[in-house]
Every structure is written in C-alpha cells, then in structure tokens.
Amino acid sequence: MATAYLLLAPATVLLLGMLAYPLGWEVWISFTDFSPLNDHGPRFVGLENYRHLLADAEFWRAVVVTVGFAAATTLAKLALGVAFALLLARPFRGRTLVFLAIFLPWAYPASVSVIGWYWTLSPPIPTAYSPFMGTLKYTVDGALGGGAWAFLSVTLFNIWRGSSFIGVFLLAGINAVPPELFECALLESRSAWRRFWLVTVPLLRPFLALAVFLSLTTAFADLANVWLLTAGRVVFPVVGTQAYWLAIKGGQFGPASALSLMLVPFLLAVLALLFRAFDPPAEARA
Amino acid sequence: MAQVLLKDLNKKYDEVHAVKDVNLHIRDKEFIVLVGPSGCGKSTTLRMVAGLEEITAGEIAIGDRVVNDLPPKDRDIAMVFQNYALYPHMTVYDNMAFGLKMRKFPKAEIQKRVQDAAEILGIQDLLKRKPRQLSGGQRQRVAVGRAIVRHPQVFLFDEPLSNLDAKLRVQMRVELKRLHDRLETTAIYVTHDQVEAMTLGDRVVVMKDGWIQQVGEPLELYTKPSNRFVAGFIGSPAMNFVDVGIQGSDSSLTAQGTGIRLAIPPVNASQLGPYKGQRVTLGIRPEDLHIAAGGDQAGYVFDAVVDVVEPLGSEILLDVKAGPNSLVARVEPTVRLKVHDGVRLAVNPDRLHFFDMTSEKAI
Amino acid sequence: MNPRPWWRRAGHAGLLLVATVYCVFPIYFMFVQSLKTAQEDVFGNPFIVTNPTLENFEELFERKGQPRNFVGRALRRDYPFFVWLENTIVIFGGSVAITLAAGVAAAYALGRLQPPGFRWWRRAIFATYVVPHTILFVPLYQVIIRLGLDDNPVVLLLVYPTMALPFCVWILSAYFQNLPREIEESALVEGASRAAAFYRIVLPMSRPVLIAAGIFALGTIASDFMIASVFLLSEHNQTIPAGLATMEVALDELLAVAGINLMAIPVVLLCAVFARGYVRGLTAAMIEGA
Ligand SMILES: Nc1ncnc2c1ncn2[C@@H]1O[C@H](COP(=O)(O)OP(=O)(O)O)[C@@H](O)[C@H]1O
Ligand SMILES: [Mg+2]
C-alpha cells in the first residue's frame with residue numbers, strides 16, 4: 001500500500017498545490033470585505049457577501065443566464081455529438097475523412113480558434129466580409145440588447161467545439177459496446193427511434209454522463225476566455241464574468257469570491273449524480 | 001520436478017476465510033486436481049502456491065524449499081490462467097520467450113526451446129501472430145506453450161479449459177494429459193468440472209467452503225465418497241439421496257423412507273446397527289438403479305412413476321418419483337416407457353451408500 | 001441485412017456532408033484568410049483565395065512585408081514569434097509529459113493497487129473540475145510568487161497538468177481496473193519483478209490509452225489562453241496563444257490569423273495522426289484491456 005500512496009503523490013501534490021491554497025483563500029476571502037483598495041486588511045464579515053448576493057437582482061440574472069447557457073449548450077452539444085457518433089458508427093467509404101473532419105474542431109487548439117471565431121464574427125477592420133458581419137451584429141444586438149452578438153458567438157463556438165469532442169467520445173463509447181447488443185436490439189424493435197432510446201442511450205450512459213460533466217465545466221471556461229477577449233464587452237452577465245468584473249475592475253474580492261463559489265455546490269451536486277453513472281464498476285472476482 | 005507440500009494452509013480476506021487448514025502432499029510428477037464448486041477456495045490455494053496471494057497462516061514447500069516468502073519469479077513455477085493472460089502487444093513467439101528472456105537465457109537456447117514447445121503444441125505457424133489474431137483454442141495452446149518452455153518444477157493450471165467450447169475442451173483435455181505423460185512435471189490443476197477432474201487427475205482433491213473434503217484417486221472418490229458432499233459432487237448425473245429411517249432387528253434391517261422401503265444389504269448391516277431407530281441419508285447412483293426383473297430380490301425393489309424420459313442414445317435417463325422422492329435412473333436404451341407410467345425399479349445391493357444426517361459423513 | 005434503399009444512402013451521404021461542412025468550414029475560413037494579401041482581404045471574395053501567399057507566415061518570423069498604406073510604420077510592433085513558438089513547444093510538450101507521468105502513476109495506484117478508499121480518492125481528483133477558475137488566478141498568483149515563479153513559463157508546467165490530470169487519471173484508472181490482473185501476474189510468474197512487469201508489459205500494452213490521455217491533455221492544454229495571458233507578461237516568455245492575444249488586431253489581422261494557423265497546424269497534425277489511437281484508447285478504457 002505504501003507503493004500506492006507513493007504513486008498517488010505526484011498527482012495529488014500537483015492538484016493540491018495548485019488548487020487547495022487558492023480555493024481555501026477564495027473561501028476565506030468570501031467571508032471578508034477584502035479589497036486591495038482598502039487600507040486595512042481583510043475583515044471578517046460572516047455571510048454578509050452571500051446575503052448581499054442573494055438579494056441582488058443582477059446576481060439572479062447572471063445565474064439564469066449562466067445556467068441557461070450551460071444547459072442550452074450542453075443539450076446542443078449532446079444532440080450533435082450523438083448524431084456525429086451515430087453517423088460514424090457504421091463503416092462506409094470515406095469514413096476516416098469524415099471522422100477526421102469531425103475531430104477537427106476539438107483538435108484545433110481552442111486558445112487560438114476562439115480568437116479566430118471572435119474576430120471572424122466581429123471583424124475589427126474593414127475586410128471583405130466585415131459589412132455582412134457588421135449588419136448581423138447590429139441586427140442581433142438591436143433585437144436582444146448590446147453584447148448579444150458576442151454572447152451568441154461564444155455560444156456557437158462552445159457548441160461547435162464541444163460537439164466535436166462529444167461526437168468522438170461517444171464514438172469510442174459505441175465501439176465499447178459489443179455489437180451483439182445492437183443486433184439484439186435490432187431484432188427486438190423495428191423503430192430506430194425506440195431502439196435509440198431503449199438501447200443506445202442506456203448503453204452509452206457512462207459516456208454520456210462524463211460528456212455532460214466535461215461540457216458543463218468547459219462551458220464556464222469558454223466564457224472566461226471571451227471575457228478577456230472582448231475586454232468585458234460581454235454584456236450578458238454570467239456568474240464567472242461578473243465575478244471577474246467585481247474582482248479585477250471593482251477590487252471587491254469578498255463579493256467576487258462569494259459569487260464565483262456560488263456555482264460550486266451546484267456543480268458538485270451534478271457531479272454526485274453523474275458519478276453513479278460513470279464510476280468504473282467494481283471488479284468482479286472469478 | 002518436485003513435490004509440493006501444503007501445511008495447515010490458511011487464507012483470510014477481510015470478510016472471507018477462503019482457505020481453511022489445507023494439508024496436502026503433492027508427490028513428484030503427480031498430476032493433482034483441485035475440484036469444487038465456484039468460490040470454494042481452489043484458485044486461492046493455487047495462487048498461494050504461485051506466490052500471487054499472501055499466505056495468512058501455514059507453510060508451502062516446493063521441492064524441499066519453504067517458499068512462503070519467495071516472490072513468484074523465484075519459485076520456479078509456471079502458470080496457465082483461465083483467460084490465458086497472453087501479452088496482447090507481443091507476438092506468440094515473444095509471449096513464449098518472455099520468461100526465458102527475463103531469466104537471461106542465451107538467444108539460441110530461447111529459440112530452440114520456443115521452437116520445441118511450438119512443435120509439441122502444433123503452433124509453429126502462429127509464432128509471428130499477435131494474440132488477438134488467434135482463436136480461443138490457439139490462445140490456449142500458446143498459454144500452455146509459454147508455461148512449458150521454461151521447464152519449471154511445477155505447472156499450475158487455473159481452469160485453463162473453462163473458456164473453450166465443449167468439443168475443444170474434450171480435445172485439449174486429452175492433449176494436456178498426453179503432455180503430462182510426456183513431460184512428467186508435477187502439476188496442480190484447478191477446475192470446477194468434475195469430469196475434467198476425474199479424467200485428468202492422478203489424484204483429486206475435493207474442496208468445499210475452503211475445506212478439503214476428500215483426497216483420493218478418481219475411482220476411489222467415486223466408489224467410496226467420504227461424505228455426502230463428495231458423493232453428490234462427483235458423478236453425473238449426481239447420486240440420488242433419500243431420507244430413510246433404519247428399522248428392524250439386527251438380523252434384518254430395513255431402510256424406510258416415504259414411498260420407498262429397502263432391505264439393508266448385509267455388507268452395510270454392521271455399520272448401520274448403531275443407527276437403528278434413527279434417520280440417515282441413503283445414496284444410490286443412477287447406474288445402480290435398473291428396471292426390476294425376475295432375478296431381483298424382493299427386498300431391493302420399489303415402485304415409482306416416470307416423471308421425465310431423457311433418451312441419450314447409448315442410455316436413457318429416467319427421472320422418476322417414488323413418493324415425494326425424485327430419483328434418476330440410468331437404464332438400457334431399449335426400455336420403452338412414457339411419462340406417468342408406473343415402473344418397478346431395483347437397486348444394486350452392493351453399491352448403496354449411507355450418510356450420517358448431522359455430520360454428513362459416510363457410514 | 002438488406003441493402004439499404006437509395007434514399008437512405010443519399011440521406012446518409014447528405015448528413016455526412018452537412019456534418020463535415022459544419023465542422024470544417026470555420027477552420028477553412030480562417031485558413032483562407034491567412035493566405036491572403038491585404039489587398040485581397042479587403043476587396044476579394046471572403047470564401048476563396050485567388051492569389052495565395054505565404055507572406056503572412058513569413059512575416060511572423062521576420063517582418064519584411066510592406067507597411068500598409070493607412071498605418072504608420074511607427075505604430076507597428078515586432079512580434080518575437082519564433083520565441084513564442086519555442087516556448088509553446090517546450091511548455092506543451094512538458095505539460096503533456098508531466099500529465100502522463102503523474103496520471104499513469106496515480107491511475108495505476110487507483111485502478112490496480114486500490115488502496116483503501118481509492119474510489120473516493122479518484123472521485124476527489126475528478127471533482128477538482130468543479131473549482132471555479134474565474135478568479136482563482138488571484139490567489140494562484142500568490143502561490144506562484146511564493147514559489148518564485150513570477151512571469152516564468154515553468155508556471156504553466158505546473159498549472160496545465162492540473163487541467164488535464166483529472167480526466168486522464170479517470171480513464172487511465174478505469175483502464176487499469178479493467179485490465180485482467182492475470183496478465184501482470186503471468187509476468188510475475190514468468191520471472192519479472194513488479195517494476196519489470198509494469199514497465200515491460202503493462203505500459204506497452206496500454207499504448208492506446210496512453211495516446212488517448214496524451215491527446216486529451218494536448219487538446220486541453222492547447223485550449224487555454226487565459227492562464228497563459230495572465231501569468232506570462234513579458235513578451236519573450238509568452239506562448240503563442242498568450243502572444244496572439246496581445247496583438248493589435250486592427251493593425252495585424254492577417255498576421256494574427258497566420259499565427260493562429262501556425263499554432264494550430266502542428267497540434268492538428270498530431271491529433272490527426274493519433275486520432276484512431278485516441279478513439280481506440282477511450283474505448284479500451286471502458287472495456288477490458290483491448
Ligand atoms: N482478492 C479477494 N478479496 C476478497 N475475497 C476474495 C478475493 N479473492 C477471492 N476471494 C473470495 O475467496 C473465496 C474463494 O475464492 P476462489 O479461490 O477464487 O474460489 P474458486 O474455488 O472459485 O477458485 C470466494 O468466496 C471469493 O469471493
Ligand atoms: Mg477460481
């Protein structure tokens with residue numbers, strides 16, 4: 001057993017080292033009024049920051065937008081991902097090419113493709129497609145409010161990249177299911193739709209669950225990316241960007257910490273549910 | 001080549017006491033089979049011999065070395081697993097050569113030994129393939145080949161045939177037996193299949209719940225099972241058991257069960273004397289039951305009703321009911337009987353078995 | 001099964017086409033722009049390039065393109081693209097290597113050695129994904145200053161693995177857990193020590209899963225530009241994503257697009273080469289050792 005702990009050490013130290021202190025700090029600060037603008041150090045204020053947030057309409061708007069964004073993109077990614085995986089499940093001529101095409105959005109480094117997307121959708125200089133994009137942006141922002149276009153472009157980007165990941169991931173899942181099971185299903189039900197819900201989905205459950213969770217976490221990461229890109233021009237408030245705004249622009253670290261921690265219980269609850277689906281099963285002893 | 005000694009061997013997991021006080025002397029060159037229902041501790045015993053499982057208490061000696069604290073690699077054994085455990089990234093050749101390479105054999109020697117083993121097993125043509133390009137039977141051969149190239153002191157087999165289909169299993173069984181006759185290496189073989197045990201073993205060890213039930217040559221286990229479990233486990237179809245009461249005088253004891261009444265043959269009379277007025281279990285093997293004919297003594301026949309008829313070609317298995325008791329009789333293929341027919345059966349009086357009700361030991 | 005009717009096959013082909021275009025078009029679009037001259041960028045058809053040129057790429061490495069008319073020469077910045085590229089290769093390669101090394105070790109412990117509570121340990125590692133990263137870099141910065149790694153690319157070698165590790169540990173440990181124990185045990189009986197059995201048997205036979213974990217790590221690491229931008233301030237320490245983010249897009253749009261492509265091409269090629277292995281590895285992780 002000593003070996004086991006020794007082997008676990010590097011990963012654990014790395015994760016603890018990079019996350020434990022920062023997380024602890026954030027939790028502590030969320031109970032204080034810490035701000036670099038104050039001349040005194042952090043003062044304990046109890047649940048004050050949280051109470052404030054819960055009473056703040058802007059916070060609730062951010063929650064709604066965040067949860068909506070995460071749910072909508074996840075659903076879209078799942079739908080597209082499942083479609084991709086099913087398209088690729090059977091052999092056909094040129095499958096490798098289509099597979100590579102579907103793999104591409106994820107394989108293309110998001111750090112730069114997000115920049116590309118943003119610039120393409122909101123061209124900064126007069127290029128050939130600028131007028132078209134400009135009109136689009138103007139129309140969307142006009143209809144939904146300032147920043148809507150930027151928000152929409154993040155959404156589309158997130159779906160575009162995520163569906164690629166989920167598609168390939170689910171393809172691996174389909175390959176993991178013994179083909180006899182699908183054949184069995186073919187005998188039992190003639191309706192492809194019923195087969196899909198009764199057989200494919202349950203068989204892929206662990207993969208779907210894992211995909212959902214990764215999708216949720218990357219959704220938040222993407223939002224953060226765009227905030228930086230647009231220098232805060234995302235007008236639709238989401239929990240992450242609002243926290244960033246409070247901390248960096250407003251120097252209010254207490255409320256910002258409280259705000260960014262608000263989603264943790266929610267994500268943990270989702271995770272606890274999902275663990276039941278994708279935990280590797282206990283090894284059967286012969 | 002070596003003998004193997006297991007002394008008061010015990011294995012405890014957190015919740016399970018898997019192996020209990022096992023004592024066994026496996027002689028040099030012997031093919032010994034551990035048999036028993038799933039979960040009875042056969043594999044655990046074998047794995048302790050291999051060094052893959054720590055020994056909770058007791059001692060294992062291979063040759064004249066106590067090996068309790070030796071790692072598997074220093075025990076000079078070879079093992080064949082149920083799932084073959086071939087290395088998927090290596091060719092058949094490399095699979096078979098791995099152990100020799102680890103032991104730093106010269107290249108030419110490795111080559112020669114692998115070739116020899118491949119020839120014995122008829123897998124010369126497969127040496128360049130990867131395991132996933134082989135059929136189940138071929139993989140099995142490679143696993144055996146990997147074991148024999150090293151000329152170890154002891155072979156350990158853990159259900160090596162269980163993943164094969166019935167036909168291949170019979171074929172491989174014969175080959176393993178031939179192989180053992182040729183190599184004369186001590187072998188410990190684990191199986192849950194009593195037919196495999198009976199056909200392969202020089203001696204057979206029957207286990208249940210971690211205990212050894214009986215050790216003996218196959219025929220001995222069959223004709224003189226030491227308890228009710230062994231009697232029921234060895235033989236197919238299994239022995240019939242009927243609860244009976246022992247009645248009568250010392251000179252003419254009878255076994256009285258519901259729907260069955262049999263005289264107790266003189267050979268058993270003396271041992272059963274003390275059981276007069278008590279209940280015991282009567283055991284009759286299916287082949288010791290036949291359709292009553294004129295020659296059968298009146299005390300050894302009883303009436304029954306046919307429940308199921310199973311014609312197997314060379315014989316017929318009759319499932320009959322005598323009162324509440326279900327029995328199986330193995331009868332001539334010429335017998336013509338239908339379901340619900342009444343039938344008079346006779347027992348072979350020399351071959352009745354009696355078991356104590358509480359200790360289940362043979363009387 | 002019966003041959004499928006023509007309309008089913010046509011439908012399938014149609015869907016494949018739609019899927020392909022949907023996935024590839026944005027990348028195609030970015031790629032086309034990077035091959036354009038400034039002239040064509042403004043006046044040409046946005047979907048095609050008629051006079052493809054590599055001058056944008058060349059310019060990344062040494063500025064020798066003509067200054068555009070409407071921009072004064074003084075305003076144009078030099079970008080140490082070559083240094084960025086070097087940093088990127090070192091940091092990405094290093095981070096993937098660290099992720100794999102730490103991940104394999106942890107996964108082997110969790111999936112195979114299974115110390116008490118291994119299930120919870122594994123869950124805890126995975127649950128680190130819920131930690132909100134938005135303002136985490138503020139306290140992270142304190143840690144980094146404490147470690148004396150301020151504005152040092154080594155920081156990323158510590159931070160990046162934490163982003164990919166949980167998933168890698170998850171799939172690797174599922175794989176090790178499903179791997180028949182007997183394969184390793186067989187090696188032990190054959191004369192290998194535990195270390196040799198791991199090194200000569202377990203590791204080589206896990207190649208597909210290692211590839212899957214490696215590709216996932218690469219994809220994850222390559223998707224970050226926020227951490228890189230926040231922690232690497234001086235120009236000569238930056239990676240390509242961090243550097244590109246500092247470009248003045250209004251002035252150097254084509255250059256930036258070329259930079260995007262230059263960064264993407266090797267990553268994409270690596271992913272493409274190992275794409276099959278990636279899928280096979282993910283599959284293997286979920287069923288017994290394939
Ligand atoms: N590693 C283990 N941990 C806990 N219990 C085990 C372990 N291995 C085997 N057992 C238990 O020990 C008993 C004997 O197992 P085994 O020797 O494998 O039986 P078999 O006779 O079928 O080969 C079983 O009850 C089994 O569940
Ligand atoms: Mg067993």
Side-chain angles (χ1 to χ4, degrees), chain B residues 14 43 46-53 62 67 70-91 94-105 110 130-132 139 142-150 152-160 163, chain C residues 100 104 108 111-120 172 174-214 274 276-277 279-290:
Chain B
D14 293 340
S43 296
L46 195 72
R47 291 164 55 82
M48 282 193 283
V49 176
L52 296 171
E53 214 67 73
I62 299 179
V67 295
L70 285 185
K73 69 188 174 79
D74 298 328
R75 294 191 179 195
D76 202 7
I77 45 164
M79 187 154 175
V80 178
F81 296 89
Q82 178 171 356
N83 58 11
Y84 317 137
L86 300 180
Y87 313 128
H89 61 294
M90 292 185 184
T91 60
D94 289 334
N95 261 282
M96 289 169 61
F98 181 76
L100 298 172
K101 279 185 191 154
M102 292 310 290
R103 291 189 157 76
K104 307 238 165 28
F105 275 66
I110 295 179
K130 291 271 177 74
R132 67 167 167 281
R139 286 181 207 188
V142 176
V144 173
R146 191 168 65 178
I148 65 178
V149 287
R150 285 203 350 258
Q153 294 205 64
V154 183
F155 284 136
L156 306 176
F157 296 93
D158 192 351
E159 311 230 6
N163 281 7
Chain C
L100 281 183
V104 164
Y108 186 78
R112 176 58 96 224
L113 306 179
Q114 305 192 340
F118 75 95
R119 228 165 261 281
W120 287 104
L172 285 167
Y175 174 78
F176 288 137
Q177 196 172 334
N178 289 335
L179 202 65
R181 237 165 231 279
E182 288 84 355
I183 294 187
E184 233 179 311
E185 291 176 343
S186 177
L188 294 182
V189 170
E190 295 284 299
S193 63
R194 273 215 92 104
F198 178 76
Y199 179 74
R200 307 207 32 173
I201 303 294
V202 177
L203 219 46
M205 72 180 284
S206 312
R207 220 180 66 131
V209 196
L210 294 177
I211 288 175
F274 289 113
R276 279 181 170 275
V279 174
R280 199 167 329 125
L282 289 176
T283 304
M286 296 295 163
I287 53 180
E288 66 179 313

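All chains are named by letter (A, B, ...) in the order of the sequence lines, taking the proteins before the strands, and each is independently numbered beginning at 1.
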Whatever's closer than 4.5 Å to a heavy atom in chain B on C:Ala187 counts as both

Below 3.5 Å only, please: all the donor-acceptor pairs between chain C and chain B, one per line.
| from | atom 1 | to | atom 2 | distance (Å) |
| --- | --- | --- | --- | --- |
| C:Glu182 | OE1 | B:Asn83 | ND2 | 3.2 |
| C:Glu185 | OE1 | B:Arg47 | NH1 | 2.7 |
| C:Glu185 | OE2 | B:Arg47 | NH1 | 3.2 |
| C:Glu185 | OE2 | B:Arg47 | NH2 | 2.7 |
| C:Ser186 | OG | B:Tyr87 | OH | 3.4 |
| C:Ser186 | OG | B:Arg146 | NH2 | 2.7 |
| C:Ala187 | N | B:Tyr87 | OH | 3.3 |
| C:Leu188 | O | B:Lys73 | N | 3.4 |
| C:Glu190 | O | B:Arg103 | NH1 | 2.6 |
| C:Glu190 | OE2 | B:Arg150 | NH1 | 3.0 |
| C:Arg200 | O | B:His89 | NE2 | 3.3 |

Okay, B:Leu100 and chain C: the region with an atom under 4.5 Å from a heavy atom over there is neither

Between B:Met102 and C:Ala196 the two heavy atoms that sit nearest each other are CE-CB, 3.8 Å

For C:Ile183 and B:Pro88, the nearest pair of non-hydrogen atoms, with its separation, is CD1-CD, 4.2 Å

Residues at least two apart in sequence or cross-chain that pass side chain to side chain contact (heavy atoms under 4.5 Å, CB included) with C:Phe274, listed by chain then number, are C:Ile211, C:Ile215, C:Leu270

